[in-house]
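Below is one structure, written out as structure tokens, with a few remarks after it.
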Amino acid sequence: MYYVISVNLLYFSILALSFRNIWTIFRRSHYSKYNTLSGSELVPSVSLLVPAYNEELTIIENVNCLMTLNYPTYEVIVVNDGSSDSTLNVLLKEYRLKPVPDTKIHGTIPCQTIRGIYHNPEFPDLYVIDKENGGKADSLNAGINLSHYPLISSIDADSLLEKDALIRMARMYMENPEETVAIGGDVRIANGCKIENGAVQDVSLPRKMWPMFQSIEYLKAFLGGRIGWSHMNGLIIVSGAFGMFRKDAVIAVGGYRDGYPGEDMNIIIKLHRYMLENKLKYRVAFCPEAVCWTQAPDSYRILSSQRKRWGRGNLKNMLENRGMLFNPKYKVMGMLTMPYNVIFEALNPYFRITGLLALAGYVLLDMTQWPILLLFGLLNFVSGYLLSVGALILEEIAFRRYNKLSDLVKMLVYSALKFVGYHQLGVLWRLQGHIQFMQNNNSWGTMTRQSWSEEEKGTEAA
């Protein structure tokens, strides 16, 4: 009971901070003259890093999208991480890329062997690195070593940026470039949307159950959570799907961690730690109006694999940085963010399972009655549902991406349905991820892609 009360008080406090800032975000989103920056020489140049492993079905759409952003000066660096499919070949064919004679990268961050670098002067801002397989973190490190600009942005190969996403993020960076070390963007589910020429033309909710549940989760996590955490400078993760970083800060902490999942959380923890230990003023920000659309797992097998991986990554990061826990030296990170992630994220499955068993035991031993148990369950459901509804209200106030009344009704229904089975599966997957961690299972898992055209056809058929 105390655990449930504590977690809900914290959730609602974070949600309240999100509401406190939503009107500022609304004004910034709708009235900011960010478009005037698109041709400005004052905007800092950015290197877009795209790790790609077996992404032959989506990589061309992704690169086409990135090469047409509203941004003055940037480069796209695709890193083929030893793919076993035709990812490299489709890139070479589509953009007529040729090997660069000097394949040596002169960066400082260790990475796997570079097999080749490809370029075509007809596409001066596009580079492709072909390297031995080393994982996503290793690919990002290779991209950093080749990059030519002071800002870097990590983009998943199965994701599409809105044309103004990067310039919106840069505008936030330019507000305080001396202190800003990282900015996260808003990630939304593209399943069900109409995709044409590497851009989302018509926003719609997914037709399939698993992506639909994830749409609700993402809204709650990004709008209901990260807006509030960033206000306190306690943001612990910038999604690997879309984030912007100051390159010198990333190099100062040794780049991305290699060898196991959770690299997106780890790089942010390392940045917090480095800045606080060196007593440097800094901020890790969140820009919800900079939107990235991503393909979500649409099957039980792939989704469970992803969530187990997230569970392993979260546990590893908490254990690795346990010295920050309740340490006033690390301010908000040490006194609030890290304890929250340990108690309410990493240990969540154990509290929930033991709590459920305890409640069942109380009833069997006549220490309480079934009506009390049902009332407790109802209160738990209502509090969780209100949090999801709160995120939907934030969405309606500031962004209104989903204009159909049927979409709003569908989101309200799925916000309730996720507590009947899906929520419990999330607890199970996290527990299984911890078991895999104890077994030293550091595998990334398999994410089966489909081309954006196939996704659109599937939506039309449905």
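For reference, positions follow the sequence shown, starting with 1. For clarity, every value in this text was computed on a predicted model and none was experimentally measured.
- Asn64 and Tyr95 share a donor-acceptor pair across their side chains, judged by distance under 3.5 Å alone.
- Listed by chain and number, the residues in a side-chain hydrogen bond (donor to acceptor under 3.5 Å, both in side chains) with Ser406 amount to none (sequence neighbours excluded).
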Full working for side-chain contact (heavy atoms from CB on, under 4.5 Å) between Met232 and Ile14: CA-CA 10 Å; Met232 298 185 292; Ile14 297 299; 3.5 Å; yes
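- Residues Leu161 and Phe242 are in side-chain contact: their nearest non-hydrogen atoms beyond the backbone lie under 4.5 Å apart.
- The backbone N or O of Phe437 lies less than 3.5 Å from no partner atom in the side chain of Asn441, so there is not a single donor-acceptor pair.
- Rounding to the nearest 0.5 Å places CD1 of Ile393 at 12.5 Å from OG of Ser18.
- Taking CZ from Phe399 and CG from Leu394, the interatomic distance works out to 8.5 Å, rounded to the nearest 0.5 Å.
- At a threshold of 4.5 Å between non-hydrogen side-chain atoms, the residues Cys193 and Asp202 do not count as touching.
- In terms of modelled atom types and a separation under 3.5 Å, the side chain of Asn341 and the main chain of Thr337 share a donor-acceptor contact.
- Closest of all the heavy-atom pairs between Val291 and Ala165 is O-CB, 3.6 Å.
- Shortest non-hydrogen contact noted between Ile302 and Pro297 is CG2-CB, 3.7 Å.
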Applying side chain to side chain donor-acceptor pair (under 3.5 Å), run through Arg257 and Asn317 and close with a yes or a no. CA-CA 10 Å; Arg257 177 193 59 196; Asn317 279 308; 2.8 Å; yes
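- With respect to Glu162 and Arg168, no salt bridge is recorded, no charged nitrogen being found less than 4.0 Å from a carboxylate O.
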Between Asn191 and Gln214, does the side chain to side chain donor-acceptor pair (under 3.5 Å) criterion hold? Intermediate values first, please. CA-CA 10 Å; Asn191 305 54; Gln214 292 169 81; over 6 Å; no
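- Atoms CG and SG, from Leu48 and Cys65 in turn, are 10.0 Å apart once rounded to the nearest 0.5 Å.
- Looking at Tyr256, its side chain never comes within 3.5 Å of a backbone N or O of Ser139 through a donor-acceptor pair.
- Here the closest heavy-atom approach between residue Ile183 and residue Cys287 is recorded as CG2-CB, 3.9 Å.
- Looking at Ser29, its side chain never comes within 3.5 Å of a backbone N or O of Ile25 through a donor-acceptor pair.
- Donor-acceptor pairing under 3.5 Å is recorded for the side chains of Tyr340 and Glu345.
- In terms of heavy-atom proximity, Leu126 sits nearest to Met67 at CD2-SD, 4.1 Å.
- A 6.0 Å sphere centred on NZ of Lys163 holds more than 12 heavy atoms belonging to other residues, nucleotides or ligands.
- For the pair Phe12 and Leu386, the minimum side-chain heavy-atom distance is below 4.5 Å.
- Side-chain atoms of Ser83 come within 3.5 Å of backbone atoms of Asn54 as a donor-acceptor pair (strictly under, hydrogens ignored).
- One N or O on the side chain of Ser40 and one on the backbone of Leu42 form a donor-acceptor pair closer than 3.5 Å.
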Identify every side-chain donor-acceptor pair in residues 417-425 under 3.5 Å, counting partners at least two apart or on other chains, and give the distances.
residue: Tyr422; atom: OH; partner: Glu217; partner atom: OE1; Å: 2.8
residue: Gln424; atom: OE1; partner: Gly421; partner atom: N; Å: 2.7
residue: Gln424; atom: NE2; partner: Phe419; partner atom: O; Å: 3.1

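- Side-chain contact annotation: Ser159 with Thr294, donor-acceptor N/O pair under 3.5 Å present.
- A donor-acceptor pair is defined here as one N or O able to donate and one able to accept, closer than 3.5 Å; such a pair exists between the side chain of Asp81 and the backbone of Gly135.
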Let me see the working for Asp158 and Thr58 under side chain to side chain donor-acceptor pair (under 3.5 Å), right down to the final yes or no. CA-CA 6 Å; Asp158 64 333; Thr58 61; over 6 Å; no
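- A heavy-atom distance below 4.5 Å is not found between the side chains of Val46 and Ile152.
- For the residue pair Lys194/Ser204, the side-chain donor-acceptor check at 3.5 Å is not satisfied.
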Could you walk me through whether Asn176 and Glu179 pass side chain to side chain donor-acceptor pair (under 3.5 Å), step by step? CA-CA 6 Å; Asn176 193 349; Glu179 296 181 12; 3.2 Å; yes
Run the side-chain contact (heavy atoms from CB on, under 4.5 Å) check on Ile195 and Val200 step by step: do they pass? CA-CA 5 Å; Ile195 311 294; Val200 175; 3.5 Å; yes
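- No side-chain heavy atom of Lys208 sits under 4.5 Å from any side-chain heavy atom of Met212.
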Could you walk me through whether Glu289 and Arg171 pass the side-chain contact (heavy atoms from CB on, under 4.5 Å) test, one step at a time? CA-CA 11 Å; Glu289 60 266 40; Arg171 188 205 58 76; 4.0 Å; yes
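- Residues Phe245 and Ile267 meet the side-chain proximity criterion, which asks for heavy atoms closer than 4.5 Å.
- Contact check on Lys136 versus Asp138 returns no salt bridge, with no Lys/Arg side-chain nitrogen under 4.0 Å from an Asp/Glu carboxylate oxygen.
- Between the side chain of Ser147 and the main chain of Ile144, a donor-acceptor pair closer than 3.5 Å is present.
- Side-chain atoms of Ser305 do not come within 3.5 Å of backbone N or O of Arg301 as any donor-acceptor pair.
- A donor atom on one side chain and an acceptor atom on the other are not found under 3.5 Å apart for Thr24 and Asn21.
- When only modelled atom types and interatomic distance are considered, Thr87 and Glu56 share no side-chain donor-acceptor pair under 3.5 Å.
- Ring pair Tyr71/Tyr74 is perpendicular by interplanar angle, where above 60° counts as perpendicular and below 30° as parallel.
- The two atoms that bring Ile353 and Leu431 nearest to each other are CD1-CD2, 3.7 Å, heavy atoms only.
- With respect to the salt-bridge test (charged N to carboxylate O, under 4.0 angstrom), the residues Glu395 and Arg188 qualify.
- Within the 4.5 Å cutoff, the side chain of Ser6 has no heavy atoms near those of the Val4 side chain.
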How far apart are the C-alpha atoms of Arg430 and Arg307, what are their side-chain angles, what is the distance that settles it, and do they pass the side-chain contact (heavy atoms from CB on, under 4.5 Å) test? CA-CA 7 Å; Arg430 191 172 300 174; Arg307 297 311 167 91; over 6 Å; no
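- Between Arg246 and Pro177, the shortest heavy-atom contact is NH1-O, 3.5 Å.
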Please table the atom pairs, donor to acceptor, closer than 3.5 Å between any side-chain atom in residues 221-230 and protein atoms at least two apart or in another chain.
residue: Ser230; atom: OG; partner: Arg226; partner atom: O; Å: 3.0
residue: Ser230; atom: OG; partner: Ile227; partner atom: O; Å: 2.9

Please test His231 against Phe286 for ring pair (Phe, Tyr, Trp, His ring centres under 6.0 Å), starting from the C-alpha separation and ending with a verdict. CA-CA 9 Å; His231 179 72; Phe286 176 58; over 10 Å; no
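- Using a 4.5 Å heavy-atom threshold, the side chains of Val76 and Leu66 count as touching.
- Taking CG from Leu315 and CG from Leu319, the interatomic distance works out to 4.5 Å, rounded to the nearest 0.5 Å.
- Although no hydrogens or angles enter the test, the distance criterion places no donor-acceptor pair under 3.5 Å between the side chain of Ser383 and the main chain of Asn8.
- Between Tyr149 atom OH and Ile77 atom CD1 the span is 9.5 Å, to the nearest 0.5 Å.
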